[in-house]
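Beneath this line is the structure, given in structure tokens, with notes to follow.
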Amino acid sequence: MSTRSIYIASPEGDTGKSTVALGVLDLLVRQVQRVGVFRAVSRVPERPSASGNTLRDHVLELMLAHDGVDLSYAETVGVTYDEVHADPDAALSRIVDRYHRVAAQCDAVVVLGTDYTDVSGATELAFNARVAANLDSPVLLVVSGRDRGIEDVTTLTRLSLAELRANHAQPLGVVVNRAEGAVRTADAATRADFSGDHLPTWVIGEEPFLGAPTIAQLADAVDGTLLLGDRDLMAREATEVIVGAMTFEHMLGHLSDGAVVITPGDRTDVVLGLLAVQAADRFPSLAGLILTGGLRPTGRSGQLASALQPHVPIIATAMDTYEVARVASRTRGIMSTEAQRKHDLARAMFEQSVDADELLARLEVERTPVVTPLMFEHELIERARGDRRRVVLPEGDDDRILRAASTVLARGIADLVILGDEAAIRRRATELGLDISAAQVISPTDPEHVEQFAAEYAELRAHKGMTLERAREIVTDVSYFGTMMVHLGLADGMVSGAAHTTAHTIRPSFEIIKTQPGTSVVSSVFLMCLPDRVLAYGDCAVNPDPTAEQLADIAASSAATAAQFGVDPRVAMLSYSTGTSGSGADVDKVRTATELVHERHPEMSVEGPIQYDAAVDASVAASKLPDSAVAGKASVFIFPDLNTGNNTYKAVQRSAGAVAIGPVLQGLNKPVNDLSRGALVADIVNTVAITAIQAQSTSNGESA
């Protein structure tokens with residue numbers, strides 16, 4: 001397949017082009033194996049500044065940080081503005097040469113146009129058009145709809161398209177970004193008329209949060225230092241700037257979540273009052289305080305401020321209040337690699353506004369038969385939000401859970417219930433700059449739910465002598481509380497384990513949800529995402545030494561789970577011996593299990609006992625089991641015991657760079673899934689998506 005590319009250009013600066021570029025990049029990594037990024041003209045090369053720090057193009061850095069891109073900064077920059085000024089033709093020649101070096105490594109390339117940070121911006125669109133024409137890259141034009149009406153947007157779009165064509169570039173489509181008012185709500189006919197020639201035109205609304213600076217960015221802008229507060233909260237966005245010059249009583253009515261308050265450092269009354277606000281429920285959660293004039297609370301007031309141990313960052317600067325307010329109001333945030341909520345919001349807005357199928361069709365990018373980890377993760381998310389389910393997260397006091405919840409909700413993957421103290425959870429989420437407003441938060445000590453769950457649990461466990469009084473104590477445990485929600489249909493599935501052991505997470509499901517009819521054991525699989533395919537490994541997390549009967553059930557469950565997630569199940573029953581070449585208790589167990597699978601599921605492709613190399617390598621399979629339908633191309637691997645399975649999945653994960661998704665529990669009547677205590681936010685998001693998909697199947701009468 002030849003390399004396809006798309007050139008993202010604008011006729012002016014501040015169009016939010018990075019949001020569009022990120023969305024296009026997401027689209028391409030779902031289609032092809034190797035995606036590249038190229039910046040035709042950068043503001044800065046990769047070089048040290050006078051202070052010794054490395055100056056970099058933050059938009060290019062953002063794109064290169066994407067999991068689907070594997071290129072260095074140095075090889076993805078064409079030229080600088082200085083080089084364009086010095087000799088435009090030579091600069092163009094170098095751009096073409098450096099682009100083709102990137103294209104030679106990739107199946108598709110996103111090319112970023114200029115940002116209009118140069119003094120000669122009037123000629124930039126023409127130069128971008130010349131570059132796009134020489135790269136043979138169709139152009140996706142991004143124009144701003146901010147502070148513009150339909151007539152202005154139409155005029156700008158048509159003039160820009162004419163400029164592109166005059167310089168022999170081929171427009172692919174138009175994105176009107178940051179749209180407001182009538183432009184944002186324009187009907188399909190009006191949008192189609194923006195270009196004047198029926199080019200596909202998509203409109204993305206203005207979202208002020210995407211331009212909000214973080215406290216760290218404001219601190220840099222005012223040359224400030226962190227005086228007090230949680231350094232981790234410096235990454236929070238400041239959504240409003242307030243000058244705290246009035247009395248504290250009057251100031252209270254002007255505070256809002258995410259605001260940063262600027263006040264002279266000797267206004268001790270304001271500082272201490274705002275710290276009291278941060279400690280109180282049902283008051284706004286500030287993003288930060290900036291103390292001006294080189295002053296700060298001293299004496300007993302300073303001691304009191306320190307003793308309050310505030311989380312909110314307090315920045316001290318030598319600038320005066322007027323200058324700080326002026327600088328802060330002009331500081332526009334960038335979408336850095338750490339800006340999780342901005343990433344989630346930008347992706348969600350692009351997905352909701354741009355017709356992905358139409359854009360890909362116009363690019364003529366064919367889908368590769370290879371399945372990369374990012375492709376697989378995308379398929380999970382698409383399937384989950386195609387039929388949204390309700391998932392309960394019991395560990396609401398874990399920041400990773402809150403960050404994952406923010407992503408899940410922003411991207412519409414599932415509806416969520418979070419367990420814990422509502423005031424504390426929402427306050428912490430707000431401190432972290434997250435939006436979990438769409439989640440329901442329930443306390444596991446809520447009397448109404450406790451009584452309902454205790455009565456049900458006591459009845460379920462009556463044969464074990466369970467009393468209602470004891471049941472009331474048990475169901476307040478978050479794992480039991482969440483499992484009872486799933487059992488009673490108040491949630492469709494549960495994801496836990498970030499802060500609890502596997503046993504703590506899944507034991508309640510054995511007692512309450514129980515196994516499916518005909519399944520003797522609950523087991524697990526890891527979905528192992530290799531660079532070009534997805535495999536299923538079972539059981540690597542639950543059963544230490546399964547019997548032959550249990551191994552047969554694990555094989556059947558694992559095959560069903562693999563099929564559920566798009567993996568054609570060809571099952572290898574692993575052992576240290578292949579075919580009839582070996583004997584011993586361990587081999588005999590696997591042989592018996594394989595025979596049981598053949599008897600119970602004659603339609604299943606299964607081979608065993610078989611060694612791992614014979615299962616995956618066609619040349620080894622040809623010599624050891626030449627007539628096998630599974631050997632050499634197995635996709636589901638059943639390990640004889642937990643010791644072997646757990647070590648193997650970790651070895652493949654670490655040594656081969658595979659992405660391990662799981663463990664995915666199987667065999668339960670309703671889905672409950674366990675997290676590793678070292679789980680990353682992305683792991684939690686994937687597990688929620690998997691749980692939602694399992695819940696979809698469960699509601700349709702299929703296996704979980």
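For the atom pair CG of L665 and CZ of F510, the computed distance is 7.5 Å after rounding to the nearest 0.5 Å. Going from atom CG of D532 over to atom OG1 of T372 covers 9.5 Å, rounded to the nearest 0.5 Å. Note: R383 CZ to S697 OG = 6.5 Å, rounded to the nearest 0.5 Å.
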Go through the steps for R600 and D553 under the test salt bridge (charged side-chain N to carboxylate O under 4.0 Å, His left out), then give the verdict.
CA-CA 10 Å; R600 298 171 182 174; D553 273 353; 3.3 Å; yes
ring-ring contact (aromatic ring centres under 6.0 Å, His included) for Y649 and F526? Distances and angles first, verdict last.
CA-CA 8 Å; Y649 106 76; F526 277 90; 3.8 Å; yes
Apply the test side chain to side chain donor-acceptor pair (under 3.5 Å) to residues N669 and H487: give CA-CA distance (whole Å), side-chain angles for both, the deciding distance (0.1 Å), then the verdict.
CA-CA 9 Å; N669 279 311; H487 171 66; over 6 Å; no
If you apply the rule salt bridge (charged side-chain N to carboxylate O under 4.0 Å, His left out), what do you find for R403 with D398, and how did you get there?
CA-CA 9 Å; R403 292 186 185 280; D398 191 303; over 6 Å; no
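For F453, the ring pair (Phe, Tyr, Trp, His ring centres under 6.0 Å) partners are H449, F481, not counting sequence neighbours. For the salt bridge (charged side-chain N to carboxylate O under 4.0 Å, His left out) test, no residue two or more places apart in sequence or in another chain qualifies with E595. Residues that satisfy the ring pair (Phe, Tyr, Trp, His ring centres under 6.0 Å) test with H343, not counting sequence neighbours, are absent from this structure. Among residues two or more places apart in sequence or in another chain, the salt bridge (charged side-chain N to carboxylate O under 4.0 Å, His left out) test is passed with R390 by none. With sequence neighbours left out, Y612 forms a ring pair (Phe, Tyr, Trp, His ring centres under 6.0 Å) with F637. In this view, H378 satisfies the ring pair (Phe, Tyr, Trp, His ring centres under 6.0 Å) rule with no residue, not counting sequence neighbours.
For the pair S655 (side chain) and V652 (backbone), a donor-acceptor distance under 3.5 Å is absent. Looking only at distances, no side-chain donor or acceptor of D492 sits under 3.5 Å from a matching main-chain atom of A695. When atom types are taken as modelled, the side chain of S628 and the backbone of V630 share a donor-acceptor pair closer than 3.5 angstrom. Put simply, the side chain of K670 gets close to the backbone of V486: a donor and an acceptor are under 3.5 Å apart.
Partner I425 forms a side-chain contact (heavy atoms from CB on, under 4.5 Å) with one of L419, D397, L402 and no other, that one being L402. Evaluated for a side-chain contact (heavy atoms from CB on, under 4.5 Å) with V110, the options L28, L22, L27 yield exactly one hit, L28.
Annotation: side chain of I6 is in contact with side chain of V24 (closest heavy-atom distance under 4.5 Å). In this structure, R677 and T501 have side chains that are in contact, with non-hydrogen atoms separated by less than 4.5 Å. Considering only heavy atoms from C-beta on, M63 stays 4.5 Å or farther from V69 through its side chain. No side-chain heavy atom of I506 sits less than 4.5 Å from a side-chain heavy atom of V522. No side-chain heavy atom of S496 sits under 4.5 Å from any side-chain heavy atom of L393. Put simply, the side chain of E75 does not reach to within 4.5 Å of the side chain of R101, judged on heavy atoms.
R507 CZ: 12 or fewer foreign heavy atoms inside a 6.0 Å radius. Residue-environment remark: CD (E459) stays at or below the threshold of 12 foreign heavy atoms within 6.0 Å. Residue D70 qualifies as open at atom CG: its count of foreign heavy atoms under 6.0 Å is 12 or below.
Nearest heavy-atom pair across V370 and P531 is CG1-O, 3.9 Å. L363 and S5 make their closest contact through CD2-O, 3.6 Å (heavy atoms, listed as atom of the first residue, atom of the second, distance). Across all non-hydrogen atoms, the minimal contact from L596 to A552 is CB-CB, 3.8 Å. Scanning both residues, V590 and P640, for their nearest heavy atoms gives CG2-CB, 4.0 Å. A pairwise comparison of heavy atoms in M573 and A555 identifies SD-CB, 3.7 Å as the closest pair.
Inspection of the D435 and S406 side chains reveals no N or O donor paired with an N or O acceptor under 3.5 Å. Checking S524 against D539 by side-chain atom types alone, a donor-acceptor pair falls below 3.5 Å. Counted by atom type alone, N543 and S523 present zero donor-acceptor pairs between their side chains at under 3.5 Å. Using modelled atom types, one finds no donor on one side chain facing an acceptor on the other under 3.5 Å when comparing H500 with T505. For the residue pair Q340/T407, the side-chain donor-acceptor check at 3.5 Å is satisfied. In summary, the side chains of Q666 and T561 do present a donor paired with an acceptor at a separation below 3.5 Å, with no hydrogens or angles considered. Inspection of the Q694 and N673 side chains reveals an N or O donor paired with an N or O acceptor under 3.5 Å. Between the side chains of S520 and E549, no donor N or O sits under 3.5 Å from an acceptor N or O.
Between D107 and R4, no side-chain nitrogen of the basic residue sits less than 4.0 Å from a carboxylate oxygen of the acidic one, so the salt-bridge criterion is not met. A salt bridge links E351 to R411: at least one charged side-chain nitrogen sits closer than 4.0 Å to a carboxylate oxygen. A salt bridge links R347 with D26: the closest approach of a Lys/Arg side-chain nitrogen to an acidic carboxylate oxygen falls below 4.0 angstrom. The pair K342-D344 does not meet the salt-bridge criterion, since no charged nitrogen lies less than 4.0 angstrom from a carboxylate oxygen.
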